[in-house]
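Shown next, in structure tokens, is the structure this report addresses.
So that the names make sense, note that chain A is the first sequence line, chain B the second, and so on, each numbered from 1.
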Protein chains: 2
Amino acid sequence: MYVLPHAPPPQPVQPAGDRFVESAVNNTLPALEPWPGLHRFRVSVRTPPPVQHGRQPPYVFDRETNKLYVDMIIAVTFAFRVAEGTDTTRLRVSALPVYPDMHHVNTPVRRCPTHRLPELECNNGAGSFIDHVIRAEHDDAVYQEGGTTKERRSVVVPYERPPPGTLDYLVSYRFCCMNTCVGGINRRRLMVLFTLEDSSTGEALGRQSVEVKVCKCPHRDARTDRSRALPKQRRPASSPDPQEPPSRRPCPAGRLVVEVDDMIEYDHLKAVLASFRAARRGLLRARSTSDSATPALPASVSSDTTSSERDSPAERRTLFKTEAP
Amino acid sequence: MYVLPHAPPPQPVQPAGDRFVESAVNNTLPALEPWPGLHRFRVSVRTPPPVQHGRQPPYVFDRETNKLYVDMIIAVTFAFRVAEGTDTTRLRVSALPVYPDMHHVNTPVRRCPTHRLPELECNNGAGSFIDHVIRAEHDDAVYQEGGTTKERRSVVVPYERPPPGTLDYLVSYRFCCMNTCVGGINRRRLMVLFTLEDSSTGEALGRQSVEVKVCKCPHRDARTDRSRALPKQRRPASSPDPQEPPSRRPCPAGRLVVEVDDMIEYDHLKAVLASFRAARRGLLRARSTSDSATPALPASVSSDTTSSERDSPAERRTLFKTEAP
DNA sequence: CAGGCATGCCTG
DNA sequence: CAGGCATGCCTG
Ligand SMILES: [Zn+2]
Ligand SMILES: [Zn+2]
């Protein structure tokens, strides 16, 4: 369940057993399922601000998978929305990082030892939130403390009325560890839980989540994920059953490579490949005029998979052994 | 100079300007050149102890390059030797990790923030040496403290008389960070400086060094380094000048690969490669009987390069920016 | 343990 | 910024 953020349809009422009095800052299992609630709470990621000519935008948000790809410390603008006419003066939004993978849901997310060093430039002026993975760009942001390692760390901002003529309340967040950080997130999947709360009572009024991959090459990794989600192509007869879970073996969507032993083999295969491709292109052109009803990647299939499980590749992390108390 | 541990021949006298009073634990530049000194101080790495049938030895020592490949926390047995008849009662050996690369020689080596956490199992019982990269398996080991981040951390053991009938004094050391540790060694090359010292005065009497790569796959990485050091093979006419420094482009000694776009190309090239190889093997067999004077890898070239510079691939590290004081 | 992937980061 | 390597670690 917990690796399927969007699988269950939004629930009209708060599921039993996951009420948050105060804030979601405790070690109990928070619900990850989206729940717009009475105020129809919604979250999305804003398109990155226009960038200089020829430069890539600083982050990527894949709406299909509801997954954000971004480098560390980059400000990402999130857009919150509630039903029109909602009195927002008593609302606030909490952002809590969680590990969606079942085996780690109960582990609070904390910055890694390296990135929580006070000497780091990015920690200049950081006080209580030095070990928070998520920072909010907001003067009134409140960092919920994790006094012990067991407690969860979240950041809360008041819900402000959007400027006239706009519907979204915009808040920028920064992610202050990589998904790969050893001794921290440590290659686990990461999700941000946004909870709409009543500022006075702390009661949860709505909830949404976004998966985040904090990495050095957001565009590359988004592209990789997208190509993995492509419908399976026809394989040669000897290939494994397409129903099989994605294997690590060469697959058409990944990087496919033939290893050779020396430059002679290399040059030979390069030449063979070039003429082979030329021959196939000729074949394709001939086909596409006579048989245009066979596109390689039917667009319909792609959208079919939108709400189905889309596991990231197998987990690649090893926790540090710590001394048992 | 500092990336060439073996380039200068051993010097009969201690070079000026690098005397170590007390121990080498300070922030001045220690000399890295081997200097056996009056006592003919020598260091080598013992062959790993016999292992279970079919298992790989726990570490690799390449005598040609004087480089050790080992995983973290694994005990490696070093063998020290001095001239026969030397009175060893007043001698000790200091082991100090240093960065041989010129730009980092002055940076003390310290364990990374993640590995110096007291909660880690491997730090159970570790006191003052919790942030030392090198630990000695010796009851009387003394860890030279680096009170501030600026100071160097070394470990000193008394030089004990080898058991009767043996020449070497054996001491086991453990390396407690990876070469890749972020916020620590951080992908820099690492060298261990062994200094033979007078126990009373701390005077340096001899010096040797060993390069160490602390990594998860010692055998793989040793093999990779070795294959990179192979003599250049003849290249096609279009290839770069073999005198050029090793480039990242496909090179016969590295992993050579032809990338393809789909399984059809993949299968085609695999088939082509198989028959191409069969054809060449036939050719080779035919040749080897008629023209055996053209070995692909003349043995002489290999030993030619023994004492020349053998840079590891370009540096791959980025230091954390820390706040300027 | 060999094979191979994922991902930070170095090179053109 | 695209291409590609180095290396920890996951899979058979
Ligand atoms: Zn981190
Ligand atoms: Zn470390």
In sequence, state the C-alpha distance, the side-chain angles, and the governing distance for B:Tyr173 and B:Phe78, and then conclude on ring-ring contact (aromatic ring centres under 6.0 Å, His included).
CA-CA 7 Å; B:Tyr173 292 91; B:Phe78 285 78; 5.5 Å; yes
Just do the salt bridge (charged side-chain N to carboxylate O under 4.0 Å, His left out) check on A:Asp62 and A:Arg226 with the steps written out, would you?
CA-CA 9 Å; A:Asp62 187 326; A:Arg226 241 178 282 122; 3.8 Å; yes
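Between the side chains of B:His104 and B:Arg188, at least one donor N or O sits under 3.5 Å from an acceptor N or O.
An OP1 or OP2 oxygen of D:dG8 is reached within less than 4.0 angstrom by a side-chain nitrogen or oxygen of B:Thr180. For D:dA6, one of the phosphate oxygens OP1 or OP2 lies less than 4.0 angstrom from a side-chain nitrogen or oxygen of B:Arg228. An OP1 or OP2 oxygen of C:dT7 is reached within less than 4.0 angstrom by a side-chain nitrogen or oxygen of A:Lys213.
Scanning both residues, B:Thr114 and A:Val182, for their nearest heavy atoms gives OG1-O, 3.5 Å.
C:dG8 atom P lies 13 Å from atom CG of A:Asn186, rounded to whole Å. Here the C1' atom of nucleotide C:dC9 and the CE atom of A:Met178 are 10 Å apart, to the nearest Å. Distance CZ (B:Arg188) to C1' (D:dA6): 17 Å, rounded to an integer number of Å. A straight line from CZ of A:Arg187 to P of D:dT11 spans 12 Å, rounded to a whole angstrom. The distance from atom NE2 of A:His219 to atom P of C:dT7 is 17 Å, rounded to the nearest whole Å. Protein atom CZ of B:Arg223 is 8 Å distant from nucleotide atom P of C:dG3, rounded to whole Å. Rounded to whole Å, the distance from CZ on B:Arg55 to C1' on C:dA2 is 14 Å. The distance between atom CZ of B:Arg189 and atom P of D:dA6, rounded to the nearest whole Å, is 14 Å.
For B:Arg220 against C:dG3, no side-chain N or O and base N or O form a donor-acceptor pair under 3.5 Å.
Salt bridge present: B:Asp131 and B:Arg110 bring a charged side-chain N and a carboxylate O closer than 4.0 Å. In this structure, B:Lys67 pairs ionically with B:Asp225, as a charged nitrogen and a carboxylate oxygen lie closer than 4.0 Å.
Mapping B:Gln56 and A:Lys216 onto DNA chain C by nearest heavy atom places B:Gln56 at the nucleotide closer to the 5' end.
Just one residue in the list A:Asn186, A:Leu190, A:Ile185, A:Asp71 forms a side-chain contact (heavy atoms from CB on, under 4.5 Å) with A:Met178, and that residue is A:Asp71.
Stem analysis of DNA chain D (Watson-Crick or G-U pairs, both distances under 3.5 Å, runs of at least three) returns C:1-12 with D:1-12.
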